[in-house]
Novice: 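Dropping the structure in here first, questions after.
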Amino acid sequence: MLTKKQTIDAIDQIQEMFPEAECELIHSNPFELLIAVVLSAQCTDALVNKVTPKLFEKYQSPSDYLNASQEELEQDIRSIGLFRSKAKNIQKLAASIINDFDGQVPKTRDELIGLAGVGRKTANVVTSVAFGEPAIAVDTHVERVSKRLAICRWKDSVLEVEKTLMKKIPIERWSDTHHQLIFFGRYHCKAQSPKCNDCPLLEMCREGKKRLKGKS
DNA sequence: AACTCGGGGCA
DNA sequence: TGCCCAGAGTT
């Protein structure tokens, strides 16, 4: 596994590749962000952003989602996929916010995770982006990159990956690192065909060396 | 731990 | 065309 210093070196190099990486989801308040992140499960931010402008114009509060029929909400988010479960979860989530949190998006991770459709990743993004609470949301990209670079162990669970990242990266960099790892994973260190032959991190990457050896 | 949801993106 | 995907819930 990489040491703290090696990890930070790697993050520095990734930052040079994606200096302006940040959350791309369109939102103007915590509630909109929460909805956008819930919608983003298993699809890209760009896809969610095609739907949310109209969606947020039509539904501005939790009660607006509750007043719509489930079928109507499904139609409004149909183009992003998984729309049935997402519509159902959003209505349950809206009800919880009204009944249990006085209409406000809760600010702690534990409270957020209790909401329908909100898992550890969504909770981390919301606390981090909306409430400035440092967190590293481990999605499939962050997990894959962390394992390929040996920042963590191959067999680590998502929770262990998160703990390792938080231990090795200074807290003031958590938020930036999160987005940089995602961009790196999405556009360069891709799941299927990573660009190992054009990667500044190849020297310190076990997986990349293995991969190139196997090819040639 | 494995399975499911699902339309869009991309090779 | 066919395969994969910025997850979470259920069994």
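Letters A, B, ... are given to chains in the order of the sequence lines, protein chains preceding strands, and every chain is numbered from 1.
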Novice: Assess whether a salt bridge exists between A:Asp139 and A:Arg186, defined as any Lys/Arg side-chain N lying under 4.0 Å from an Asp/Glu carboxylate O.
Specialist: no

Novice: What nucleotide among C:dG7, B:dG9, C:dC4 has an atom nearest to a side-chain atom of A:Lys50?
Specialist: B:dG9

Novice: Please report the distance, rounded to the nearest Å, between CG in A:Leu112 and C1' in C:dG7.
Specialist: 15 Å

Novice: Using the C1' atoms only, state how far B:dG9 lies from C:dA8, rounded to an integer number of Å.
Specialist: 22 Å

Novice: With respect to the side chain of A:Thr122, which nucleotide from C:dA8, B:dG6, B:dG7 is positioned closest?
Specialist: C:dA8

Novice: Suppose you measure atom P in C:dT11 against the same atom in B:dG6; what distance do you get, rounded to whole Å?
Specialist: 16 Å

Novice: Please tell me which of the listed nucleotides, C:dG9, C:dC5, B:dG6, lies nearest to the side chain of A:Ala191?
Specialist: C:dC5

Novice: In whole Å, what is the span from the CG atom of A:Leu39 to the C1' atom of C:dC5?
Specialist: 15 Å

Novice: Want to settle it: does A:Thr44 or A:Lys86 sit nearer the 5' end of DNA chain B, counting the closest nucleotide to each?
Specialist: A:Lys86

Novice: Within the structure shown, what part of the strands sits under 4.0 Å from A:Leu115 by heavy-atom distance: base, sugar-phosphate, or nothing?
Specialist: sugar-phosphate

Novice: Name the residue closer to the 5' end of DNA chain B, choosing between A:Arg84 and A:Arg186 according to the nucleotide with the nearest heavy atom.
Specialist: A:Arg84

Novice: Supply the atom-to-atom distance A:Leu2 CG to A:Arg206 CZ, rounded to the nearest 0.5 angstrom.
Specialist: 7.5 Å

Novice: Between C:dG7, B:dG7, C:dC5, spot the one nearest the side chain of A:Gln192, thanks.
Specialist: C:dC5

Novice: So what does A:Ser85 hit on the nucleic acid, given a heavy-atom distance under 4.0 Å: a base, only sugar-phosphate, or nothing?
Specialist: sugar-phosphate

Novice: Looking across every strand, which nucleic acid part, if any, lies under 4.0 Å from A:Val48 by heavy atom: base, sugar-phosphate, or nothing?
Specialist: nothing

Novice: DNA chain C: A:Asn89 or A:His141, which has the more 5' nearest nucleotide?
Specialist: A:His141

Novice: Measure from CD on A:Glu143 to C1' on C:dG7 and round the result to the nearest Å.
Specialist: 12 Å

Novice: Expressed in angstrom and rounded to an integer, what is the separation of A:Arg144 atom CZ from C:dG7 atom C1'?
Specialist: 14 Å

Novice: Is A:Gln42 close enough to C:dC5 that one of its side-chain N or O atoms is under 4.0 Å from OP1 or OP2 there?
Specialist: no

Novice: Looking only at the side chain of A:Leu47 (C-beta and beyond, no hydrogens), which of the listed nucleotides B:dG9, C:dG7, B:dG6 gets closest?
Specialist: B:dG9

Novice: Can you tell me how far P of C:dG7 sits from CG of A:Leu25, to the nearest Å?
Specialist: 11 Å

Novice: When the ring planes of A:Phe184 and A:Phe18 are compared, do they come out parallel, tilted or perpendicular, using 30° and 60° as the limits?
Specialist: perpendicular

Novice: Report yes if some heavy atom in the side chain of A:Asn124 is under 4.5 Å from a heavy atom in the side chain of A:His178; otherwise report no.
Specialist: no

Novice: Tell me: CD1 of A:Ile35 to P of C:dG7, nearest whole Å?
Specialist: 17 Å

Novice: Looking only at side chains, do A:Gln75 and A:Glu71 share a donor and an acceptor under 3.5 Å apart?
Specialist: no

Novice: Mind checking the NZ-CD spacing from A:Lys107 to A:Glu133? Nearest 0.5 Å is all I need.
Specialist: 10.0 Å

Novice: What is the distance, to the nearest angstrom, from the CZ atom on A:Arg120 to the P atom on C:dG7?
Specialist: 16 Å

Novice: Under 4.0 Å between any heavy atoms, over every strand shown, what does A:Thr140 touch: base, sugar-phosphate, or nothing? Just pick one.
Specialist: sugar-phosphate

Novice: Using the P atom in both, what is the distance from B:dC10 to C:dG7, to the nearest Å?
Specialist: 16 Å

Novice: Rounded to the nearest angstrom, tell me the gap between atom NZ in A:Lys121 and atom P in C:dG9.
Specialist: 13 Å

